[in-house]
Chemist: 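Just dropping this structure here.
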Amino acid sequence: MLVAIRNALRIKNTVFDDEITDLINACKLDISISGIKIIDDADPLIKQAVKTYVKANFGLDNKDGEKYMESYEAIKRHLALCGDYNVEPVVIPEEGV
């Protein structure tokens, strides 16, 4: 996830990796607080939510921060309303086990 977010920010070095990692973790925590239980780094919607959150909060002089935060909040609402994301995954035992 870190590399994908770094690429989304158009950053080629690792100087900001600690800040980016903190923002990724903060986003995942915010998503989980919203009732989203399935947070898979490979899921395209989760990835987009994280990218948008980080773009909203990265850097001190972010003229587009508010726009990105509105977009993030919309994605988060959609995820929270979708039954696929807000229930614990069900594991079906194999027959004969």
Chemist: If two hydrophobic side chains count as joined below 4.5 Å and joins carry through other members, does L79 share a cluster with Y68?
Modeler: no
Chemist: Atom SG in C82, atom CD1 in I38: separation rounded to 0.5 Å?
Modeler: 9.0 Å
Chemist: Under 3.5 Å, sequence neighbours excluded: what are the donor-acceptor pairs made by side chains of residues 12-24?
Modeler:
unit_1, atom_1, unit_2, atom_2, d
N13, OD1, V15, N, 3.1
D17, OD1, R6, NE, 3.0
D17, OD1, R6, NH2, 3.2
D17, OD2, R6, NH2, 2.9
T21, OG1, D17, O, 2.8

Chemist: Go through the structure and list residues passing side chain to side chain donor-acceptor pair (under 3.5 Å) with T52, not counting sequence neighbours.
Modeler: Q48
Chemist: Under 4.5 Å between side-chain heavy atoms, hopping through other hydrophobics if needed: is there a path connecting I75 to Y85?
Modeler: yes
Chemist: What salt bridge (Lys or Arg N to Asp or Glu O under 4.0 Å) pairs are there with at least one residue in residues 42-52, not counting sequence neighbours?
Modeler: none
Chemist: Grab the two heavy atoms, one from S34 and one from A80, that are nearest each other, plus how far apart they are.
Modeler: O-CB, 3.9 Å
Chemist: Assess whether side-chain contact (heavy atoms from CB on, under 4.5 Å) is satisfied between V54 and L9, documenting all intermediate values.
Modeler: CA-CA 8 Å; V54 173; L9 293 170; 3.8 Å; yes
Chemist: Can you tell me which residue among I5, I39, L45 is in a side chain to side chain contact (heavy atoms under 4.5 Å, CB included) with V50?
Modeler: I5
Chemist: Do M69 and N57 come within less than 4.5 Å of each other through their side chains, counting heavy atoms only?
Modeler: yes
Chemist: Holding to salt bridge (Lys or Arg N to Asp or Glu O under 4.0 Å), I want the full list of residues that pass it with D41, two or more places apart in sequence or in another chain.
Modeler: K28
Chemist: Report the distance from atom CG of N86 to atom CG of L81, rounding to the nearest 0.5 Å.
Modeler: 8.0 Å
Chemist: Taking side chain to side chain contact (heavy atoms under 4.5 Å, CB included) as the definition, give me every residue that meets it alongside D30, ordered by chain and number, with sequence neighbours left out.
Modeler: Y72, K76
Chemist: Members other than I33 in its cluster, when Ile, Leu, Val, Met, Phe, Trp, Tyr link by side-chain heavy atoms under 4.5 Å?
Modeler: L29
Chemist: Do side-chain atoms of D40 reach the backbone of I46 as a donor and acceptor pair under 3.5 angstrom?
Modeler: no
Chemist: Check A49 against C27 and note the closest heavy-atom contact, atom names and distance.
Modeler: O-SG, 4.0 Å
